[in-house]
Amino acid sequence: MIPFPLLAVPLFAALACAGQTGDPEALVAKEEAAFQAVAAAVGPSVVRVETLGGVDTADGRLLASGPSTGTVVRADGLILTSTENLAGNPTSILVRLPNGERVAAERLGDDEARQLTLLRVELPEDAGVAPATPAEIDALRVGDWAIAVGRTFSAEAVNVSVGVVSAKNRILGRAVQTDAKISPANYGGPLVDLAGRTIGVLAPLSAEGGTGGVEWYDSGIGFAVPLEDVLPVLDRLAEGETLRPGKLGVTFKSARMDAEPVIDTVRPLSPAEEAGLQPGDRLVTVAGRPVSRPDEAQLALGPLYAGDETTLVVERDGAEVELRATLVAELPPWRPSDLGVLPADPPADADAPDGPGTPGVEIAHVFPDSAADGLLEVGDVVTAAAGEPVETADDLRRIVSRRAPGTEIALERAGGDGVQISLGEPPAAPPAELPETIDPAADPLPADQSGRLELEVPGFDDRGGTLRVPKRAGRRGFALLVALPPKGALTADAFFDRFGPVAERHGVILMVPRPETPVGFQPGDLPFVKAAVEQMRDRYAVEPVRTALLGTGGQGETVWRIALTTEGVFRGAVTDAAPAQLPANEPDDALIPLLLGELPEQARTALREGGYPFATLDAAVEEETTPEALPEEAIEATLRWVAALDRI
């Protein structure tokens with residue numbers, strides 16, 4: 001074996017000499033020889049990982065089959081590999097050593113943040129292996145040579161892919177990026193420098209956590225977890241511990257690149273609350289690193305694990321305060337809250353330079369038995385909440401949504417006294433009544449812009465659908481309900497006959513898009529549905545917070561798939577189904593379901609734990625539910641619910 005530290009000097013000297021001769025062919029030959037020397041030098045630390053048994057798919061994707069790679073990191077038989085290589089939960093794992101011998105491997109611990117798994121094998125005396133030598137990441141420069149090594153295609157020889165280091169501190173500070181071709185051929189193998197030192201272990205990574213980047217196979221975007229970062233936690237992995245990303249539990253007032261890292265909310269029962277962080281604190285340092293933007297704070301926390309203790313320095317009331325927080329793997333679920341009001345139309349000249357002298361949100365309706373009942377009145381103008389100025393309904397909604405039920409919040413009113421309100425729970429049913437907001441004396445929309453219209457979306461000439469637009473808009477303009485009728489069920493015209501008169505009274509546009517194929521809506525229809533909704537927003541000023549999707553009788557799962565994958569397009573989902581597992585809902589972009597009929601308790605539990613403020617409607621529907629089967633009172637309640645989706 002060529003000793004790693006001695007490899008660099010003759011290599012660089014050879015390349016320098018070749019460059020001085022001015023002979024391009026000599027330089028290429030020297031480069032090739034250098035790369036071959038590196039591959040030979042690191043070969044003893046690269047093993048082949050073979051699996052038996054297990055499953056072929058995970059998370060709805062087909063898993064790569066065949067052998068993969070591992071990197072020997074300690075002389076007692078510890079080997080790091082990519083968790084992706086073991087995603088099929090194999091019943092047996094074999095490691096083929098550089099000398100050709102196969103030995104059984106034991107799976108120890110997993111690093112979920114970095115998608116690495118530690119294996120252990122019993123090494124024979126003549127195994128011919130040597131632990132990888134870590135490179136010093138601080139000394140690594142963007143543009144340095146980087147060689148990805150695997151032992152996949154042949155057990156006797158390593159395979160290599162040559163590139164450069166294209167970025168550092170990627171994936172929330174957990175990885176080095178390279179443009180060398182990275183794929184299952186070298187996942188789990190080392191990314192090495194020209195001195196034969198291991199920069200990191202190759203793995204498909206995502207900043208959101210879990211496996212990511214598999215769609216970038218051999219694309220010039222690959223990631224390696226610095227070996228220097230993993231060696232300190234090898235003992236924890238060897239003991240079978242699962243290491244998970246650490247979470248603090250705060251939101252920032254703004255995520256803009258030029259914003260200061262000022263804390264907006266502190267999640268109840270989170271490490272941030274236990275450490276004493278407060279809304280309005282400005283982060284100065286995180287884990288010893290100075291921060292000036294929210295993304296720098298995330299970068300400082302990214303490499304840390306659940307259970308790690310970190311130091312935070314914040315600026316509060318002009319003084320710096322040092323706090324300590326112990327990060328956790330999971331934050332308590334977000335619990336949505338409710339003030340219990342509807343906002344009125346903004347002033348027509350709100351955006352004018354000489355607009356109204358008193359900015360704020362006028363109250364159009366106070367719901368009975370809500371937190372605001374008896375404390376706010378129709379016509380009140382809220383100008384500040386929780387010490388923050390309020391100029392739009394979105395401002396007030398954001399402030400309320402980021403605070404848990406039971407939180408005391410101070411509201412300031414134009415020309416009146418302030419009021420202290422304890423936020424309540426979201427409503428469990430559609431509103432029993434709404435204020436009448438459509439002026440029958442107002443000029444109606446032109447005939448070519450209202451009534452039954454054909455849906456035509458630029459860029460989707462082979463697709464279409466049907467619209468029914470009310471003659472007059474209601475409070476804050478129009479709401480929108482997009483319906484996905486089950487195959488062979490209610491036609492668009494029949495749907496309009498049932499829902500149209502009620503939608504007319506509440507200012508709700510009805511849309512029935514047509515799927516690309518007769519079998520119903522598929523993932524390929526998502527871009528079309530999204531473009532159709534955006535067109536309605538442009539043409540009729542439909543409010544995003546009053547946009548909902550309806551699907552029952554076989555389309556329930558489709559409703560969830562569309563609503564969860566077209567982020568920010570739909571706020572409401574009306575359906576008779578709910579997945580047993582859901583991603584966590586987020587305060588600033590919450591999805592609100594209306595559940596028709598009785599759902600299994602498992603689904604209701606998943607909604608509660610995920611922070612989905614669902615309402616239920618006791619609609620007496622048949623086994624094959626269709627909008628046609630909904631009784632009149634259910635249709636009325638559904639459209640009231642859609643029209644009030646902007647409830648704060």
Side-chain angles (χ1 to χ4, degrees), residues 57 59-62 215 452-469 478-496 498-500 503 508-540 542-579 581-583 585 589 591-596 612 624-630 638 642 645:
T57 60
D59 300 325
R61 58 191 176 86
L62 185 65
E215 69 275 18
R452 189 190 186 285
L453 303 171
E454 291 301 311
L455 174 64
E456 298 178 355
V457 182
F460 296 89
D461 297 338
D462 58 337
R463 221 80 58 87
T466 316
L467 299 170
R468 189 186 190 283
V469 181
F478 289 106
L480 173 65
L481 178 62
V482 180
L484 308 180
K487 176 186 175 183
L490 195 61
T491 65
D493 286 336
F495 174 70
F496 293 156
R498 298 290 321 283
F499 281 69
V508 179
I509 297 173
L510 303 176
M511 177 194 295
V512 182
R514 186 169 59 248
E516 185 175 21
T517 65
V519 298
F521 286 88
Q522 304 295 320
D525 291 306
L526 298 186
F528 166 64
V529 173
K530 181 177 180 180
V533 171
E534 290 174 346
Q535 178 176 272
M536 291 300 99
R537 291 179 182 175
D538 292 339
R539 183 176 297 175
Y540 295 100
V542 170
E543 274 201 301
V545 293
R546 293 202 297 159
T547 303
L549 189 62
L550 166 66
T552 60
Q555 292 289 355
E557 292 184 2
T558 306
V559 163
W560 282 102
R561 185 167 62 247
I562 292 176
L564 291 173
T565 54
T566 52
E567 184 176 345
V569 176
F570 294 99
R571 179 171 174 82
V574 186
T575 177
D576 58 353
Q581 293 184 331
L582 288 163
N585 216 354
D589 193 25
L591 178 66
I592 303 176
L594 174 62
L595 306 178
L596 304 178
Y612 291 82
E624 284 297 321
T625 308
T626 69
E628 190 175 21
L630 290 174
T638 297
V642 173
L645 272 173

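Keep in mind that what you see is a predicted model, and the values were worked out from it rather than measured.
- Expressed to the nearest 0.5 Å, how far CD1 of I562 lies from CD of E557 amounts to 12.0 Å.
- Distance check: L453 CG to L510 CG gives 11.5 Å after rounding to the nearest 0.5 Å.
- Applying the side chain to side chain contact (heavy atoms under 4.5 Å, CB included) test to A548 and every residue at least two apart in sequence or in another chain returns L481, W641, V642, L645.
- Here the CZ-CG distance, from F495 to L484, works out to 9.5 Å after rounding to the nearest 0.5 Å.
- With sequence neighbours left out, the side-chain hydrogen bond (donor to acceptor under 3.5 Å, both in side chains) criterion links T466 to no other residue.
- In this structure the side chain of K530 never reaches within 4.5 angstrom of the side chain of V533, judged on heavy atoms.
- Minimum interatomic distance between T552 and D576 (heavy atoms only, all atoms of both residues): CA-OD1, 3.5 Å.
- Atom CD of residue E516 and atom CZ of residue F460 lie 9.5 Å apart, to the nearest 0.5 angstrom.
- Residues that satisfy the side-chain hydrogen bond (donor to acceptor under 3.5 Å, both in side chains) test with R452, not counting sequence neighbours, are E454, D493.
- Taken from OH in Y540 to CD1 in I509, the straight-line distance is 6.0 Å, to the nearest 0.5 Å.
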Discussion item. Please determine whether side chain to side chain contact (heavy atoms under 4.5 Å, CB included) holds for the pair F496 and V512, giving the CA-CA distance in whole Å, both sets of side-chain angles, and the decisive distance to 0.1 Å.
Written reply: CA-CA 9 Å; F496 293 156; V512 182; 4.0 Å; yes
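- For A573, the side chain to side chain contact (heavy atoms under 4.5 Å, CB included) criterion is met by V559, L591, not counting sequence neighbours.
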Discussion item. Would L549 and T558 count as a side chain to side chain contact (heavy atoms under 4.5 Å, CB included) here? Give the steps.
Written reply: CA-CA 10 Å; L549 189 62; T558 306; over 6 Å; no
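- Formation of a donor-acceptor pair under 3.5 Å by the T575 side chain with backbone atoms of G551 is found in this model.
- For P544, the side chain to side chain contact (heavy atoms under 4.5 Å, CB included) criterion is met by R537, not counting sequence neighbours.
- Contact of the Y612 side chain with the L595 side chain is not registered, since no non-hydrogen atoms from C-beta on lie closer than 4.5 Å.
- Nearest heavy atom pair, residue V482 against residue P513, reads CG1-CD, 3.7 Å.
- Side-chain N or O atoms of W560 include one that pairs as donor or acceptor with a backbone N or O of A577 at under 3.5 Å.
- Counting all heavy atoms, side chain and backbone alike, V457 lies closest to A531 at CG1-CB, 3.8 Å.
- Put simply, CE on M511 and CG on L467 are 5.5 Å apart, with the number rounded to the nearest 0.5 Å.
- Counting only residues at least two apart or in different chains, salt bridge (charged side-chain N to carboxylate O under 4.0 Å, His left out) contacts with residues 517-527 comprise R463-D525.
- A search for side chain to side chain contact (heavy atoms under 4.5 Å, CB included) contacts involving R539 returns Q535, M536, not counting sequence neighbours.
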